[in-house]
Amino acid sequence: MKDSKNNEYNKLYDWEEASKLINKYVLPIFDEQKDIRSKKIIDTLPDDMLDDIKRIKIPKKPQDPDEIMKKANDIIYNYRMRLNNPRFFSFIPNTVSPFSILGEFINSSYNPYGGGHANSSAISYLEKYLMNWMGSVAGYSEKELGGLFVSGGSMANLTASVIARDEKLKEEDYPLATAYVSAQSHSSVSKGIHIMGINRKNVRKIKTVGFMMDINDLEENIKRDIENGYKPFLVVGTAGTTNTGSIDPLDEIADIAEKYNLWFHVDGAYGASYLLSSQRGKFKGIERSDSLTWDAHKMLFQTFGCAIILCKDRQAMRRTYSQNPEYLKDVSTSDEYVNFWDLGIEMSVPARGMRLWFTLQLAGTDSIKEALDKTCENAKFFEEEIKKRDNFEVVSSANLSILNFRYFNKKYSEDELNSINQRLSEMGIERGYAVYYTTILDGKTVLRICSTNMALTHDEIINILDQIEKDIDKLAL
Ligand SMILES: *Cc1c(COP(=O)(O)O)cnc(C)c1O
């Protein structure tokens, strides 16, 4: 190897070989997309091949590169859930844009230090500009807002909760602090509140009506807590719950947050992207929140590890996260120079937002809007088709791109219906045509459809329901 003649570099820096391997083995990965529908949606490593995997040890010497790369493509990465398959409906399927992969690839090739202006001036400027744009989409004032790219919605929720605590509580009040989430809010919200040291028993799970936060129950809980000497400090509304896609009554939550001086955080990990769609009108009140979680690796079609936390007041982020406020005095005078480590938990970070920047530049927001609108239209179509059939009951109508339904026949008890629907989900997975896991709503086991892929066709939707009806026949119901 040329570079190692003087022993300055060793194998670790064989750029030539890495470059060859990228051409030969990495670029062709895109080809899988061409026939993604023909690939197994859930492909689990067979047991005998697991032994092959277990035999791969950590070596002292370089291994044969072709062998390693072939193993990577044929075995290691082949066995996975193909989230990009239009008929995968579980979790929030990440239907990634190739421009996001391109952006991530470029970014990690240059490997800029994403922490601030001094280290990557144009990049940090663009990231900040991007967050300002996202904030303005949510109705925040660009002049005042702060934003930070983080690894995901869980990190964003935690990052916001700590700011809420610092802004609304005195340290001696921590043991009495209470926070309000809904029974449908994401587990990461309570987790974050727990991580920052608030008593688990002081997180109130507010009842829901139609899977949305019940405002009356929220206010009653707050009043009762104040009467009992607790210190309410945070209410979290969800803009697009993971289970049903429902949007909490954000405007009314904002009223209550104002009335009782609580921090109002909105978890829009899944839903906030729909601000860019025709569904925008459903988010009224989001602009009144103090902070907002927005996952780009969900409905902005980015690779994993790309989410954003927005805070209406940049100075509040700094008060919590900056460790050297004297130094900050200088930089805070200029909006141009931002040091992201002063706004959140992490220090050494990739420029996580650049992949999104590339996607927006190369695809444009019209494409995003069209893709988002199509996901909602598909969910609606799914619902209409379900309603046409006798075997089914819609449990939660299409909200954004999520709906829930179940097999229903009044000759069966609720327990029996639960196990039938569980079985129908399993039969779907065994057959492999489409993947729809169950969730539990009001104690009922239901089939959950999160339809995030614009390529899904109406014929496929009809066919899925036909297939489920065939499974119902097989169960002789
Ligand atoms: C997915 C999700 C989260 C968690 O986000 P991660 O990126 O998985 O950490 C939080 N809230 C909601 C509503 C979500 O859908």
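Quick note: numbers below take in every heavy atom, side chains included, and nothing from hydrogens, waters or symmetry partners. As the structure lists them, so they are numbered: ligands from 1, and atoms in each ligand from 1. What you see is a predicted model, and the numbers here were worked out from it, not measured in a lab.
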(request) Verify salt bridge (charged side-chain N to carboxylate O under 4.0 Å, His left out) between R431 and D471, making sure each step is shown before the conclusion. (result) CA-CA 10 Å; R431 201 168 358 81; D471 287 341; 2.3 Å; yes
(message) Give the atom numbers and elements of ligand 1 that come within less than 4.0 Å of a heavy atom of T242.
(response) 12 (C), 13 (C), 14 (C), 15 (O)
(message) Between ligand 1 and A307, can you find any atom pair, the residue atom being a heavy atom, that is separated by under 4.0 Å?
(response) no
(request) Would you confirm whether S90, through its side chain, and Y437, through its main-chain N or O, come within 3.5 Å as a donor-acceptor pair? (result) yes
(request) Kindly state whether the ring of F382 and the ring of F89 have centres lying under 6.0 angstrom apart. (result) yes
(request) May I ask you to identify the nearest protein heavy atom to atom 6 (P) of ligand 1, giving residue, atom name and distance to one decimal place in Å? (result) G153 N, 3.3 Å
(message) Taking 4.0 angstrom as the limit and counting only heavy atoms of A269, give me the atoms of ligand 1 inside it, by number and element.
(response) 2 (C), 3 (C), 10 (C), 11 (N), 12 (C), 14 (C)
(request) Kindly confirm or rule out a cation-pi arrangement of R355 over F105, judged by NZ or CZ under 6.0 Å from the six-membered ring centre and within 45° of its axis? (result) no
(message) Can you tell me which portion of S154 lies within the under-4.0 Å heavy-atom range of ligand 1? Options are side chain, backbone, both, or neither.
(response) both
(message) Using a 4.0 Å cut-off to any heavy atom of D267, which atoms of ligand 1 qualify?
(response) 10 (C), 11 (N), 12 (C), 13 (C)
(request) Consider ligand 1: state whether an atom of it lies below 4.0 angstrom from any non-hydrogen atom of M155. (result) no
(request) Could you tell me whether D295 and ligand 1 have an N or O pair separated by under 3.5 Å? (result) yes
(message) With a 4.0 Å cut-off on N to O distance, would you call R423 and E426 a salt bridge?
(response) yes
(message) Does ligand 1 come near enough to G152 that some N or O of the ligand is less than 3.5 Å from an N or O of the residue?
(response) no
(request) Enumerate the atoms of ligand 1 whose separation from the nearest heavy atom of Y270 is less than 4.0 angstrom. (result) 15 (O)
(message) Between K231 and D225 (salt bridge meaning N to carboxylate O under 4.0 Å), is one present in this structure?
(response) no
(message) Using the rule given for salt bridge (charged side-chain N to carboxylate O under 4.0 Å, His left out), can you reason through K34 versus D31, listing the C-alpha separation, both sets of side-chain angles and the distance that settles it, and then say yes or no?
(response) CA-CA 6 Å; K34 289 184 201 145; D31 292 342; 3.2 Å; yes
(message) Please confirm whether the ring centroid of F392 lies under 6.0 Å from the ring centroid of F405.
(response) yes
(message) Starting from atom 4 (C) of ligand 1, what is the nearest protein heavy atom, named by residue and atom, and what distance separates them?
(response) H186 CE1, 3.4 Å
(message) At under 4.0 Å between heavy atoms, is it the side chain or the backbone of K298 that contacts ligand 1, or both, or neither?
(response) side chain
